**Student:** 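I have a structure I would like to understand better, so I am pasting it below and will then ask my questions one at a time.
Every heavy atom of this structure was used, including side-chain atoms; hydrogens, water molecules and symmetry mates were not. This structure is a prediction, so every number in the text was calculated from the model and none was measured.
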Amino acid sequence: RSFWGWLNAVFNKVDHERIRAVGPDRAASEWLLRCGALVRYQGYQKWQQDYNGLPTGPLGKYRIEAIDATDSCIMYRGFDYLDGLEHVTEIKLQKCMYIQDECLQRLSDTKNLQKSLLQLKIISCGNVTDKGIIALHKLTNLEYLYLSDLPGIRKKESTVQMLQQALPNLELELDLE
């Protein structure tokens, strides 16, 4: 288990040189696919899942529009890759064992995501608590938030109330026990 944790940490190490060399979308695509996530580019319907099949072309041609991190090993350490992404409208975090409150705080603090992110789904991420969900309040353009199977959420009513107060236009769908 510790070997896999170490390997996942290596996969999440941010390479700022690489970001400068190939642009934020390409570098983030490489990070996400290395960690087992999927990406979808603006203007394309198909999800990119094969690291070796990443499209090539002029810098900035492929812009990440959606991220599906189901069963991936993305962790806080790699979130610097999100900083340069300007077109991400949806993110799905499902069964992500390394996603915790600090990750959601970091997501919410990312300026570009505050502008672009419209849909967020957080499902079966056991380390997420009320604190992490409340931290999402800075995602001012968020239109839809789906929360399901999050045992760390203990104060559902007050958490939902705080979030809806901060984001009055948010459609919130809950499947929490």
**Student:** Report the distance from atom CD1 of Ile67 to atom CG of Leu113, rounding to the nearest 0.5 Å.
**Tutor:** 7.5 Å
**Student:** Considering all heavy atoms of both residues, which atom of Met162 and which atom of Ile134 are nearest to each other, and what is their separation?
**Tutor:**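 That would be SD-CD1, 3.6 Å.
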**Student:** Anything under 3.5 Å between a donor and an acceptor, one on a side chain of residues 114-121, the other on a protein residue two or more places apart or in another chain? List them.
**Tutor:**
unit_1, atom_1, unit_2, atom_2, d
Gln114, NE2, Ser108, O, 2.8
Ser116, OG, Val88, O, 2.6
Ser116, OG, Asn112, O, 3.2

**Student:** Counting N and O atoms only, with roles assigned by atom type, does the side chain of Arg63 sit under 3.5 Å from a partner on the main chain of Leu85, one being a donor and the other an acceptor?
**Tutor:**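 Not confirmed, Arg63 side chain does not pair with Leu85 backbone.
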**Student:** Under the side chain to side chain contact (heavy atoms under 4.5 Å, CB included) rule, what do Trp31 and Leu82 come out as? Steps first, then yes or no, please.
**Tutor:** CA-CA 10 Å; Trp31 164 60; Leu82 299 174; 4.0 Å; yes
**Student:** Listed by chain and number, what are the side chain to side chain donor-acceptor pair (under 3.5 Å) partners of Arg77, not counting sequence neighbours?
**Tutor:** none
**Student:** Compare all side-chain heavy atoms of Leu32 with those of Ser72 and state whether any distance is below 4.5 angstrom.
**Tutor:**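 Answer no - side chains too far apart.
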**Student:** Side chains of Tyr41 and Ile64: does their closest heavy-atom pair fall under 4.5 Å?
**Tutor:**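 In contact.
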**Student:** Find the distance between OH (Tyr81) and NZ (Lys13) and round it off to the nearest 0.5 Å.
**Tutor:**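 Between Tyr81 OH and Lys13 NZ, I get 8.5 Å after rounding to 0.5 Å.
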**Student:** Please name the pair of heavy atoms, one in Ile133 and one in Leu150, separated by the smallest distance, quoted to 0.1 Å.
**Tutor:** CD1-CD1, 4.4 Å
**Student:** Might you point out which heavy atoms bring Ser29 and Leu54 nearest each other, and give the distance in Å?
**Tutor:**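 Closest heavy-atom pair between Ser29 and Leu54: CB-CD2, 3.9 Å.
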**Student:** What is the minimum heavy-atom distance between Cys96 and Cys125, and which atoms define it?
**Tutor:**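 So the two residues come closest at N-SG, 3.8 Å.
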**Student:** Between CD of Glu86 and CD of Gln42, what distance do you get to the nearest 0.5 Å?
**Tutor:**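 Spacing of CD (Glu86) from CD (Gln42) equals 10.0 Å.
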**Student:** Once side chain to side chain donor-acceptor pair (under 3.5 Å) is applied, do any residues pair with Ser148, and if so which ones, sequence neighbours excluded?
**Tutor:**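 In terms of side chain to side chain donor-acceptor pair (under 3.5 Å), with neighbours along the sequence ignored, Ser148 is linked to Asp175.
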**Student:** Which atoms form the tightest heavy-atom contact between Leu163 and His137, and what is the distance?
**Tutor:** CD1-N, 4.0 Å
**Student:** List the residues meeting ring pair (Phe, Tyr, Trp, His ring centres under 6.0 Å) with Tyr44, not counting sequence neighbours, and say none if there are none.
**Tutor:** Tyr62
**Student:** To the nearest 0.5 Å, how far apart are CG in Leu147 and CG in Leu136?
**Tutor:** 8.0 Å
**Student:** Does any pair with a residue in residues 150-160 pass side-chain hydrogen bond (donor to acceptor under 3.5 Å, both in side chains), and if so which ones, sequence neighbours excluded?
**Tutor:**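 Output for this query lists Asp130-Thr159.
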**Student:** So which atom in Tyr98 and which in Ile74 form the shortest heavy-atom distance, rounded to 0.1 Å?
**Tutor:**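 So the two residues come closest at CB-O, 3.4 Å.
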**Student:** Identify whether Leu145 and Ile99 are in the same connected component of the hydrophobic contact network (ILVMFWY, side-chain heavy atoms under 4.5 Å).
**Tutor:**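 As far as the 4.5 Å side-chain criterion goes, Ile99 and Leu145 are connected within one cluster.
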**Student:** Tell me which pairs pass side-chain hydrogen bond (donor to acceptor under 3.5 Å, both in side chains) where either residue lies in residues 49-60, with sequence neighbours left out.
**Tutor:** none
**Student:** Just by distance, no angles: are the side chains of Gln105 and Asp109 close enough, under 3.5 Å, to form a donor-acceptor pair?
**Tutor:** yes
**Student:** May I ask you to decide if Val14's main-chain N or O and Asp80's side chain share a donor-acceptor pair within less than 3.5 Å?
**Tutor:**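 Looks like no, no N/O pair under 3.5 Å.
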**Student:** With a 4.0 Å cut-off on N to O distance, would you call Asp83 and Arg106 a salt bridge?
**Tutor:**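 Salt bridge flag = yes for Arg106 with Asp83.
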**Student:** Does Leu104 belong to the same Ile/Leu/Val/Met/Phe/Trp/Tyr cluster as Met75, with side-chain heavy atoms less than 4.5 Å apart forming each link?
**Tutor:** no
**Student:** Honestly curious: do Phe11 and Leu93 fall in one hydrophobic cluster under the side-chain, below-4.5 Å linking rule?
**Tutor:**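 No; Leu93 is not reachable from Phe11 via cluster members.
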